[in-house]
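Have a look at the structure below before the remarks.
As the structure is a computational prediction, the values presented were derived from the model and not from experiment.
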Amino acid sequence: MSKKNQTVTRREFMQRSIVASASVGSSLAAGIAVASPPKDADFLTIDPWTKTQRQNFPNPDYGIPSSYEKLVTRLKYANGSRTPLQKLHGIITPSGLHFERHHGGIPEINPDLHRLVIHGLVDEPMIFTMDDIVRLPAVSQIHFLECSGNTFAELKKRTWATVQETHGLLSCCEWTGVRLSTLLDRCGVKPDARWVLAEGADSAVMTRSIPIDKAMNDVIVAYSQNGEMLRPEQGYPLRLFIPGFEGNMSVKWLRRLKLGTEPWQTREETSAYTDLGADGKALQFTFVMGVKSVITSPSAVMKLSKPGFYEISGIAWTGSGKIRRVEVSVDGGKSWEDAILEGPIMDRCLTRFRLPWQWNGDSATILSRATDSTGDVQPTLESVIKARSSNSYYHNNAIQPWLVASNGEVSNAR
Ligand SMILES: Nc1nc2c(c(=O)[nH]1)N[C@H]1C(S)=C(S)[C@@H](COP(=O)(O)O)O[C@H]1N2
Ligand SMILES: [Mo]
């Protein structure tokens, strides 16, 4: 009988690694080994690329990934594209791989001509140019952005194969800009202002109402992503970024903010982005994204080449604060073990988790379950479905299972 599939504690892992490096070939080392020892002196052979001097700059002025990384791309669908989460490391999404969701295409905006208007219940309405905005005190914050439609298809049935397909409407970047409160303070918020309307300059004229408390708290009017100006598809030259809230509220190509006493009941907060109940009544304004996690490796449709050591690794996030804990199960949810959370653990940001695993070659269902700083625990799919009517599909934050078959093939086990 084969040994039970088991996770390896950090201490055990360190001890085994020490043993492994001290005595290659011992049984413990064999269990943990992921590389092969040199058979002869062939590792001393000099490779052709070491023998030939090449030009310093075969690459364009704006750097691109190695030609061997051509398969690490976004995956397009009708209204946008998805991030290849299973092929990324750490927590940062490279700008060129950030997911996209466009309701009316990507406008081409000349930043010199772009304006942001703030009006309504303010002491003094104002028009800002990009120069005006970039001059103001700025902040840089690393936050995730998730479309509330992310993972929606899995509510009904197993639909997608890879993490990119099931969870790829999620990305995480460093966003730089001016706090919305800085701009609103300049205009002077009238005491009866309760809501802010944000409007985009794209042909969809995407509009959403934001509660004033959130607007005055951590919202960023962002012009930069990962150090450079926003990509056109992310809202160049200016977007709203609302940490922790459903993606569609972070209005791209931001051109107008209006302060008022009530929400505006715009198209995107009435006909869409509401959760229709069984009684025909819709739940409106579910702003905060629930606590969620997914194992990105191993994940569908990877193939484990042989039994032995693997690191189970994934990402966790919550719209309510910080990730406090991620548990991993390798037996379909019967038992759980705490994964290692990689710091710094930031507010409304992806957190990378890791857990050493000895795969014995038997089929195994692997799962992750996140808990956030408010105590919220990621729900099972069954409980999400039970809590919903079949009409509702936004905000699915259920636990995602992957099946590692005995031949090493990994598949979606929803
Ligand atoms: N002006 C405008 N803002 C928009 C959208 C849009 O179509 N137009 N799409 C929204 C939706 S549904 C999401 S999930 C996020 C996606 O942002 P991204 O394309 O930068 O990933 O932008 C939101 N902001
Ligand atoms: Mo979205």
*Given the rule in the ring-ring contact (aromatic ring centres under 6.0 Å, His included) test, do Trp160 and Tyr77 qualify, once you have shown the distances and angles that lead to the verdict?*
CA-CA 13 Å; Trp160 300 111; Tyr77 69 104; 8.6 Å; no
*Heavy atoms only: give me the nearest Trp402-Pro298 pair and the separation to one decimal.*
CD1-O, 3.8 Å
*Apply the test side chain to side chain donor-acceptor pair (under 3.5 Å) to residues Arg208 and Asn248: give CA-CA distance (whole Å), side-chain angles for both, the deciding distance (0.1 Å), then the verdict.*
CA-CA 8 Å; Arg208 287 283 327 236; Asn248 66 79; 2.4 Å; yes
_Side-chain donor or acceptor of Glu233 paired with backbone N/O of Ile106 under 3.5 Å_ = no
*Whether Lys303 side chain and Asn407 backbone form a donor-acceptor pair below 3.5 Å*: yes
*Please report the shortest heavy-atom distance between Ile323 and Ala370, naming the atom on each side.*
CD1-CB, 4.2 Å
*With a 4.5 Å heavy-atom cut-off, do Leu116 and Leu183 have their side chains touching?*
yes
*Inter-residue atom distance Glu69.CD - Ile64.CD1, 0.5 Å rounding*: 12.0 Å
*Evaluate the criterion side chain to side chain donor-acceptor pair (under 3.5 Å) for residue pair Thr374 and Ser320; output intermediate values, then yes/no.*
CA-CA 7 Å; Thr374 70; Ser320 306; 4.7 Å; no
*asked:* Is any side-chain heavy atom of Cys173 closer than 4.5 Å to one of Ile142?
replied: no
*Quick one: are Phe353 and Ile340 in side-chain contact, heavy atoms under 4.5 Å?*
no
*asked:* Holding to salt bridge (charged side-chain N to carboxylate O under 4.0 Å, His left out), I want the full list of residues that pass it with Arg82, two or more places apart in sequence or in another chain.
replied: none
_Before you tell me yes or no, could you show the steps for Glu269 and Thr274 under side-chain contact (heavy atoms from CB on, under 4.5 Å), namely the whole-Å CA-CA distance, both residues' side-chain angles and the distance that decides it to 0.1 Å?_
CA-CA 7 Å; Glu269 56 201 25; Thr274 55; 5.7 Å; no
*Look at the side chain of Ser250 and the backbone N and O of Ile242, then say whether any donor-acceptor pair between them is shorter than 3.5 Å.*
yes
_Distance in Å, Leu254 CG paired with Phe128 CZ, rounded so as to fall on 0.5 Å steps_ = 11.0 Å
*asked:* For Val291, is there any backbone N or O sitting under 3.5 Å from a side-chain donor or acceptor partner on Asn397?
replied: yes
*Heavy-atom pair with the smallest gap, counting every atom of Phe99 and Thr83*: N-OG1, 2.9 Å
*Begin from the C-alpha positions of Leu240 and Met249 and carry the test side-chain contact (heavy atoms from CB on, under 4.5 Å) through to its verdict.*
CA-CA 8 Å; Leu240 210 54; Met249 301 186 69; over 6 Å; no
*Any chance you could measure His114, atom NE2, to Ile109, atom CD1, to the nearest 0.5 Å?*
5.5 Å
*Apply the side chain to side chain contact (heavy atoms under 4.5 Å, CB included) test between His167 and each candidate in Gln86, Lys292, Glu146, Glu154; give the one that qualifies.*
Lys292
*Before accepting this row, confirm whether a basic side-chain N of the pair Arg255/Glu199 lies closer than 4.0 Å to the acidic partner's carboxylate O.*
yes
*Hey, is CZ on Arg354 packed in by over 12 heavy atoms from elsewhere, all under 6.0 Å?*
yes
*Does any N or O in the side chain of Asn396 come within less than 3.5 Å of the main-chain N or O of Ala398, such that one atom is a donor and the other an acceptor?*
yes
*Find the distance between CD1 (Ile345) and CG (Asp372) and round it off to the nearest 0.5 Å.*
12.0 Å
*Please determine if Lys190 and Asp123 form a salt bridge, counting it only when a charged side-chain N lies under 4.0 Å from a carboxylate O.*
yes
*Looking at side-chain heavy atoms only, is the closest gap between Leu381 and Leu155 below 4.5 Å?*
yes
*Is the number of heavy atoms from other residues, nucleotides or ligands under 6.0 Å of Ile127 CD1 greater than 12?*
no
_Between Glu100 and Arg231, does any side-chain N to carboxylate O distance fall below 4.0 Å?_
no
*What pair of heavy atoms forms the shortest contact from Met130 to Pro237, and how long is it?*
CE-O, 3.3 Å
*asked:* I'd like to check Ile210 versus Val251 (side-chain heavy atoms, cut-off strictly below 4.5 Å). Are they in contact?
replied: no
*Give a yes or no on whether the backbone of Trp264 and the side-chain of Ser209 come within a donor-acceptor separation of less than 3.5 Å.*
yes
*asked:* Tell me whether the count of non-hydrogen atoms from other residues, nucleotides or ligands lying under 6.0 Å of NZ in Lys156 goes above 12.
replied: yes
*List the steps, then state whether side chain to side chain donor-acceptor pair (under 3.5 Å) holds for His119 with Arg256.*
CA-CA 8 Å; His119 67 137; Arg256 187 165 74 96; 2.9 Å; yes
_Given 3.5 Å as the limit, does a donor-acceptor pair link the side chain of Thr266 with the main chain of Thr207, or not?_
yes
*asked:* Cation-pi check for Trp175 against Arg239: NZ or CZ below 6.0 Å from the six-membered ring centre and within 45 degrees of the axis, yes or no?
replied: yes
*Regarding Asp185 and Thr182, is there a side-chain donor-to-acceptor distance under 3.5 Å anywhere?*
no
*asked:* The test is side-chain contact (heavy atoms from CB on, under 4.5 Å); show your working for Leu184 and Leu180 and say whether it passes.
replied: CA-CA 6 Å; Leu184 294 181; Leu180 177 53; 3.9 Å; yes
*Heavy-atom distance under 4.5 Å between the side chains of Phe309 and Gln358, does that happen here?*
yes
*Report the distance from atom CD1 of Ile212 to atom CG of Asn217, rounding to the nearest 0.5 Å.*
11.5 Å
*Do you know which two heavy atoms are closest between Ala215 and Val196, and how far apart they sit?*
CB-CG2, 3.8 Å
*Specify the closest pair of heavy atoms between Ile220 and Thr176, including all atoms of both residues, with the distance to one decimal.*
CG2-C, 4.3 Å
*Flag yes if more than 12 heavy atoms outside Glu228 fall under 6.0 Å of its CD atom; otherwise flag no.*
yes
*Without swapping roles, check the side chain of Gln378 against the backbone of Val294 for a donor-acceptor pair under 3.5 Å.*
no
*Around Arg135, counting heavy atoms of other residues, nucleotides and ligands shown, do more than 12 lie under 6.0 Å from its CZ?*
no
_I'd like to check Asp347 versus Lys322 (side-chain heavy atoms, cut-off strictly below 4.5 Å). Are they in contact?_
yes
*Could you walk me through whether Leu97 and Lys87 pass side-chain contact (heavy atoms from CB on, under 4.5 Å), step by step?*
CA-CA 11 Å; Leu97 296 175; Lys87 292 173 180 166; over 6 Å; no
*Say whether Gln400 and Asn412, considering side chains only, have a donor N or O and an acceptor N or O under 3.5 Å apart.*
yes
_Counterpart residues, salt bridge (charged side-chain N to carboxylate O under 4.0 Å, His left out), relative to Asp218 (two or more places apart)_ = Lys214
*Within the distance-only criterion (no hydrogens, no angle test), does the side chain of Arg74 pair as donor or acceptor with the backbone N or O of His98 below 3.5 angstrom?*
yes
*Over 60° means perpendicular and under 30° means parallel, so classify the ring planes of His103 and Tyr273, tilted if in between.*
tilted
*Using modelled atom types only, decide if a donor and an acceptor are shared between the side chain of Asn226 and the backbone of Glu174 within a distance under 3.5 Å.*
yes
*asked:* Tell me every residue that passes salt bridge (charged side-chain N to carboxylate O under 4.0 Å, His left out) with Glu268, counting only those two or more places apart in sequence or in another chain.
replied: none
*With a 4.5 Å heavy-atom cut-off, do Leu238 and Val221 have their side chains touching?*
yes
